2 protein chains.
Amino acid sequence: MKSNLYEKKAQIFKALSNPVRLEIIDFLADGEKCVCEIVEKLNYEQPHISKSLIKLKEAGLIKDRKEGLNVYYSLKICCMGEFFNCLNKILESESKS
Amino acid sequence: MKSNLYEKKAQIFKALSNPVRLEIIDFLADGEKCVCEIVEKLNYEQPHISKSLIKLKEAGLIKDRKEGLNVYYSLKICCMGEFFNCLNKILESESKS
DNA sequence: TGACAATATTCCAAAAATGGAATACTATAA
DNA sequence: TTATAGTATTCCATTTTTGGAATATTGTCA
């Protein structure tokens, strides 16, 4: 029961434990984007971006919306920003030591 | 430069992407603990706990302090709680849908 | 010094993640 | 209906992670 919760949280962190996926999250913080925009912005192969988006979606971090040929993705959580700021502090203090 | 930052953040998330390590973080939120206390509480093999602690330490999430035979570990970051609460909300909303 | 308790390290096989390449699917427009 | 643009899926080899088992290291005390 409780260990299952740790499993699920671990899944969320796993979805975030990849630089490409973090870059996508960062870009989506700017607002909803379609796959083609993300591909163009991040300069990775389209299948790679698609797989990354699906992983983030499965973790419950982003959601999608279809419109014609395009699929638009956007962030589903709001607490990312604060935690990312905190991580930045950690990384700063490490680079000093 | 910037991509390197994503790499480092991904490393932190990777350290958090494991249920045992999350359980350790949770236990340490209660205050500083020695390895033997963590082993007893979490009921895993001592080498496994040791390796988990080292991974968390390398990610900059916890710190250690030696005292005689014992090594005491404690959290190095304070922003974990808020983010964890946010994750709980995500997991709750998912379990409803 | 020798024995022991607490912790860390190494070794290893199985499982999972990674990312490239090719291909499939789907909605639209001609 | 066919061609095409946008997106998703599958396949695969390589790398990384995982966790158990054995062993090494380190500090303390008699």
Side-chain angles (χ1 to χ4, degrees), chain A residues 3-4 6-25 27-28 31-76, chain B residues 3-4 6-25 27-28 31-76:
Chain A
S3 67
N4 199 20
Y6 287 120
E7 280 286 354
K8 285 184 180 177
K9 273 186 202 169
Q11 269 313 112
I12 294 180
F13 283 117
K14 198 161 285 182
L16 290 168
S17 70
N18 174 282
V20 175
R21 294 195 292 268
L22 287 179
E23 214 170 336
I24 290 175
I25 293 270
F27 188 41
L28 290 184
E32 188 187 59
K33 309 285 179 193
C34 72
V35 177
C36 55
E37 287 175 297
I38 301 171
V39 168
E40 189 183 5
K41 165 82 175 182
L42 300 201
N43 214 31
Y44 290 103
E45 301 286 329
Q46 178 269 320
H48 189 185
I49 296 289
S50 255
K51 281 188 285 188
S52 299
L53 286 166
I54 286 161
K55 197 149 193 173
L56 288 170
K57 186 185 161 191
E58 282 172 349
L61 297 169
I62 63 177
K63 63 189 173 193
D64 64 341
R65 175 178 74 80
K66 297 180 197 206
E67 188 178 314
L69 270 178
N70 298 307
V71 178
Y72 290 89
Y73 283 92
S74 56
L75 291 187
K76 210 173 150 189
Chain B
S3 68
N4 199 19
Y6 287 121
E7 279 287 353
K8 286 184 179 175
K9 273 187 201 168
Q11 270 313 111
I12 294 181
F13 281 117
K14 199 162 284 182
L16 290 168
S17 69
N18 175 282
V20 175
R21 294 195 292 267
L22 286 179
E23 215 170 336
I24 291 175
I25 293 269
F27 188 41
L28 291 184
E32 188 188 58
K33 310 283 180 194
C34 72
V35 178
C36 57
E37 288 175 296
I38 301 171
V39 169
E40 189 183 6
K41 165 81 175 184
L42 301 199
N43 214 32
Y44 290 104
E45 301 287 329
Q46 177 270 319
H48 189 186
I49 296 289
S50 255
K51 282 187 283 186
S52 299
L53 286 166
I54 286 162
K55 195 148 195 173
L56 287 169
K57 186 185 161 194
E58 283 173 347
L61 296 169
I62 64 178
K63 62 188 175 197
D64 64 342
R65 176 178 73 81
K66 295 177 198 209
E67 187 178 315
L69 269 179
N70 298 307
V71 179
Y72 291 88
Y73 283 92
S74 56
L75 291 188
K76 211 174 151 189

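Worth knowing before you read on, the calculation uses all heavy atoms, side chains too, and leaves out hydrogens, waters and symmetry mates. The structure displayed is predicted, hence computed values, not measured ones. Every chain is numbered from 1 and lettered A, B, ... according to where its sequence line falls, protein lines coming before strand lines.
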Exercise. Nearest of D:dT7, C:dA21, D:dT18 to any side-chain atom of A:Pro47?
Worked result: C:dA21
Exercise. Think B:Lys14 has a side-chain N or O under 4.0 angstrom from the OP1 or OP2 of D:dT16?
Worked result: no
Problem set entry | B:Asn70 vs D:dG27: side-chain N/O to OP1/OP2 distance below 4.0 Å | no
Exercise. What's the shortest heavy-atom distance between A:Tyr73 and A:Ile62, and which atoms?
Worked result: CD2-CD1, 3.5 Å
Seminar exercise, completed: When rounded to whole Å, the CD to C1' distance for the pair B:Glu7 and C:dA17 reads 14 Å
For this session: Please report, rounded to the nearest Å, how far the P atom of C:dA16 is from the CD atom of A:Glu58.
Result: 15 Å
Exercise. Could you state the NZ-C1' distance from B:Lys41 to C:dA6, rounded to the nearest angstrom?
Worked result: 21 Å
For this session: Output yes when at least one side-chain N/O atom of B:His48 is less than 4.0 Å from OP1 or OP2 of D:dG20, else no.
Result: yes
For this session: Find the distance B:Leu69:CG to C:dA3:C1' and express it as a whole number of Å.
Result: 12 Å
Exercise. Closest nucleotide of DNA chain C for B:Ile54 versus for A:Asn18: which of these residues is on the 5' side?
Worked result: B:Ile54
Exercise. Hey, does the side chain of B:Tyr72 come within less than 4.0 Å of C:dA6's phosphate (OP1/OP2), counting only N and O?
Worked result: no
Seminar exercise, completed: From NZ of B:Lys66 across to C1' of C:dA5 the rounded distance in Å is 16 Å
Problem set entry | Separation of D:dT18 P from B:Ile49 CD1 (nearest whole Å) | 14 Å
For this session: Evaluate the side-chain proximity of B:Ser50 to B:Gln46: yes if any heavy-atom separation is below 4.5 Å, no if none is.
Result: yes
Problem set entry | C:dA6 base / B:Gln46 side chain donor-acceptor hit below 3.5 Å | no
Problem set entry | A:Lys51 NZ - D:dC11 P separation (whole Å) | 12 Å
Exercise. So, is B:Tyr44 near the phosphate of D:dT18, with a side-chain N or O under 4.0 Å from OP1 or OP2?
Worked result: no
Exercise. Is the backbone N or O of B:Ala10 less than 3.5 Å from a side-chain atom of A:Arg21, with the two atoms forming a donor-acceptor pair by type?
Worked result: no
For this session: Let me know the distance between NZ of A:Lys55 and P of D:dT7, rounded to the nearest Å.
Result: 21 Å
Exercise. What closest approach, in Å, do A:Ile24 and A:Ser52 show between heavy atoms, and which atom pair accounts for it?
Worked result: CD1-CB, 3.7 Å
For this session: Keeping the roles fixed (side chain from B:Glu37, backbone from B:Cys34), state whether a donor-acceptor pair exists under 3.5 Å.
Result: yes
